[in-house]
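Here the structure is laid out as structure tokens; the discussion comes afterwards.
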Amino acid sequence: MKHHFLVTLFLCFVALPILILMVVAPMSTHNQFIYGITMIAACFFAHFMSKKHFVSLGILLVAVISSTRYMFFRITQTLDFPSWIDMFFGYLLLFAELYVYVVLLLSFFQLSWALKRKIVPLPKDTSQWPTVDVYIPTYNESLDVVRDTVLAAQCIEYPKDKMKIYLLDDGKRKEFATFATEANVGYITRTNNDHAKAGNLNHAMKITDGELIAIFDCDHIATKIFLQSTVGGFLKDPKLALIQTPHHFYSPDPIQRNLYLGRDIPAENDLFYGPIQRGNDNWNATFFCGSCAVIRRKALDEIGGFAVETVTEDAHTALRLQRKGWKTAFLDHILAGGLATERLVLHLQQRNRWARGMVQIFRLDNPLLGKGLTLPQRLCYLSATMYFFFAIPVLIFLFTPVLYLLFGVSIVHGSVELLLSYAIPHLILSVFAGSRLYGKYRYSFWGPIYDLVLSFHLVLPTTVTLFSPSQRVLQCDR
């Protein structure tokens, strides 16, 4: 206890004042260049000398100091505008930069401490294993796709008297009912399609009674060991409500297939189902992702089933579980494989739904508000919900230079040399620190290009949803 008290005193009265001084100390252009180059050189030297975690944290700290120093400079020295038009676009650019700065800090927090969870083995006595209902929801997918998912689920190695498979058909198709009968699996449909996938799952919960519920999208093929790898955690910890596993895709998405032109570029999902989810897991903030997951029925009953207020019922359901004090976990083992979206229009619709859903959570169940969450959980969810506003600042960054070049709008006040002396360390170190944390999961060059491609299609849905969370922008709520 005394040791923690001394550490707190040191941070408050020694470290914090030094950090503040490093951010606010005024410098000439020449000295600021030297200061920035020194920090960049120190980080590069540390990077090549050691790959240890504490070195990564040191590089992260230097990057945060450089970015904070740049933002302090922007706010205090570059906002002198000659006209109201210049002021409007100048503050618009500042807003975009502040957004990127906040998201940068939140993402650094998420990625700084990652938890690599191990598989909890099941007891040898199978009579102690809980019963599991396997849900395979479908709406308009073809039987050729769904058939493989059902047959793969039947191959899961788990006592047959403790596992039941259900095909949840919101399309109410006769050929699906026939197939379910032939495959000897349950077939569940309903009279309406209220609340889309969430309503489909909630309806099935009223009919089934398994202690655990495993969910697979209708194009996800489970491995034989899926349940044996995930169920043990629920026996070990009675407060565990969710175990999420990665979504692995064995086909390229349209962006990979067309933009990357065969280059060995990591898929967009790799970053989320890698460092981000492992970081979330460290803070008990794992997101439910709608598939390849197991959930405790008792926990779902406590929150009234799957959330139906937003189009991303999965992440919202996890948020509600955590507000009630339930634990969640991310098991970083690929235990199922699925098909990526085949056409660009479908890919954009999927991202559109994700963006709208996270913005809806930001508006309707903001993680900073309400009870039940720890501060780290709030920050992890805030990072996820704020990220999907990226289309707005990306387009601001794209068009503000055009305003200056074509119309002479003075967006930033100050000399070019002074601006570069602050901006260069901020840009280089933030990208470098992110690259150190992301590693093989996101490339510094291709990541922004991917965001730019999506921005033109997401800016309208996210903006409309921000001001009208219940407004349907596109018919893509599945």
Inter-residue atom distance M358.CE - R353.CZ, 0.5 Å rounding:
11.5 Å

Restricting to non-hydrogen atoms, name the atom on S112 and the atom on L57 that form the minimum distance, rounded to 0.1 Å.
CB-CD2, 3.9 Å

N/O donor-acceptor pair under 3.5 Å between R351 side chain and L458 backbone
no

From D217 atom CG to C292 atom SG, the distance as rounded to the nearest 0.5 Å:
7.0 Å

Could you work out, with side-chain contact (heavy atoms from CB on, under 4.5 Å) as the rule, every residue matching K371, not counting sequence neighbours?
none

Does NZ in K118 sit with more than 12 non-hydrogen atoms of other residues, nucleotides or ligands closer than 6.0 Å?
no

Is it the case that the side chain of R69 and the backbone of A25 share a donor-acceptor pair, with hydrogens and angles ignored and the cut-off at 3.5 Å?
yes

Within the side chain of H247, is there an N or O that forms a donor-acceptor pair under 3.5 Å with the backbone of Y273?
no

Does D314 pair with K197 as a salt bridge, N-O distance under 4.0 Å?
no

For S421 and Y35, run side-chain hydrogen bond (donor to acceptor under 3.5 Å, both in side chains): C-alpha distance rounded to whole Å, both residues' side-chain angles, the deciding distance at 0.1 Å, then the answer.
CA-CA 9 Å; S421 69; Y35 177 78; over 6 Å; no

Taking C-beta and beyond as the side chain, do N352 and H457 meet within less than 4.5 Å on heavy atoms?
no

Could you tell me whether the side chain of T317 and the main chain of A307 form a donor-acceptor pair under 3.5 Å?
yes

side-chain contact (heavy atoms from CB on, under 4.5 Å) for F249 and H220? Distances and angles first, verdict last.
CA-CA 9 Å; F249 300 102; H220 275 131; 3.9 Å; yes

SG of C380 to CD1 of I276, rounded to nearest 0.5 Å, is 10.0 Å

Is the charged tip of R320 near the ring of F306: under 6.0 Å from the six-membered ring centre and within 45° of its axis?
no

Less than 4.5 Å apart, side chain to side chain, heavy atoms only: is that true for K324 and L321?
no

Do L369 and N366 have side chains that approach each other closer than 4.5 Å (heavy atoms only, starting at C-beta)?
yes

Decide ring pair (Phe, Tyr, Trp, His ring centres under 6.0 Å) for Y91 and F81; before the verdict, give the C-alpha distance in whole Å, the side-chain angles of both, and the deciding distance to 0.1 Å.
CA-CA 10 Å; Y91 276 104; F81 303 107; 5.6 Å; yes

Please check if the distance between the ring centroids of F45 and F48 is under 6.0 Å.
no

Which heavy atom of P367 sits nearest to which heavy atom of T385, and what is that distance?
CG-OG1, 4.4 Å

Rounding to 0.5 Å, atoms OG (S410) and CG (D86) come to a distance of 5.0 Å

Going by atom types only, do W283 and Q110 share a side-chain donor-acceptor pair under 3.5 Å?
no

I'd like to know if the side chain of S415 and the backbone of L418 have a donor-acceptor N/O pair within less than 3.5 Å.
yes

Are F287 and Y381, when compared by the centres of their aromatic rings, separated by less than 6.0 Å?
yes

Is there a side-chain contact (heavy atoms from CB on, under 4.5 Å) between F390 and L454 once you walk through the steps?
CA-CA 9 Å; F390 73 87; L454 294 182; 4.1 Å; yes

Using a 3.5 Å distance criterion without hydrogens, assess whether the side chain of R363 forms a donor-acceptor pair with backbone atoms of L466.
yes

Heavy-atom closest pair (I411 atom, F89 atom, distance to 0.1 Å) is CG2-O, 3.8 Å

Charged N to carboxylate O below 4.0 Å: is that the case for R117 and D332?
no

With a 6.0 Å cut-off (strictly less than), is the heavy-atom count around OH of Y404, excluding the residue itself, greater than 12?
no

Can you find a side-chain donor-acceptor pair between Q377 and R323 that sits under 3.5 Å?
no

Main-chain N/O of T328 paired to Q322 side chain as donor or acceptor, under 3.5 Å
no

Ring centres of F226 and F216 under 6.0 Å apart?
yes

Does atom NZ (K52) have a neighbourhood of more than 12 heavy atoms from anything else shown, all under 6.0 Å?
no

Might you point out which heavy atoms bring L242 and L240 nearest each other, and give the distance in Å?
O-CD1, 3.5 Å

What pair of heavy atoms forms the shortest contact from V62 to M39, and how long is it?
CG1-CE, 3.4 Å

Any side-chain heavy atom of V23 sitting closer than 4.5 Å to one from M71?
no

Step-by-step side-chain contact (heavy atoms from CB on, under 4.5 Å) determination, T463 to V459
CA-CA 6 Å; T463 303; V459 64; 4.1 Å; yes

Determine whether a donor-acceptor pair (N or O, by modelled atom type, separation under 3.5 Å) exists between the side chain of E141 and the backbone of Y139.
yes

Just do the side-chain contact (heavy atoms from CB on, under 4.5 Å) check on H316 and D365 with the steps written out, would you?
CA-CA 8 Å; H316 199 184; D365 195 5; 3.1 Å; yes

Are the side chains of I392 and Y99 in touch, meaning some heavy atoms are under 4.5 Å apart?
no

To the closest 0.5 Å, what do you measure between CG (N280) and CD (Q277)?
5.0 Å

Would you say the side chain of I75 lies within less than 4.5 Å of the side chain of L98, judging by non-hydrogen atoms?
yes

Euclidean distance, N202 CG relative to L300 CG, rounded to 0.5 Å
8.0 Å

Consider only side-chain N and O atoms of S67 and H426, and report whether a donor and an acceptor are under 3.5 Å apart.
yes

Please confirm whether the backbone N or O of I334 pairs with a side-chain atom of T245, one donor and one acceptor, at under 3.5 Å?
no

Look at the rings of H47 and F432 and say which category their plane angle falls in: under 30° parallel, 30 to 60° tilted, over 60° perpendicular.
perpendicular

Go through it in stages, so that I can follow the logic: the residues are Y70 and Y422, the test is ring pair (Phe, Tyr, Trp, His ring centres under 6.0 Å), and I'd like the CA-CA distance, side-chain angles, deciding distance and then a yes or no.
CA-CA 5 Å; Y70 169 75; Y422 280 90; 7.5 Å; no

Kindly give the heavy-atom pair with the smallest separation between I243 and G233, and that separation in Å.
CD1-CA, 4.3 Å

Look only at the side chain of T465 and the backbone of T462, and say whether a donor-acceptor pair between them is shorter than 3.5 Å.
no

Quick check: do V103 and F389 have side-chain heavy atoms less than 4.5 Å from each other?
no

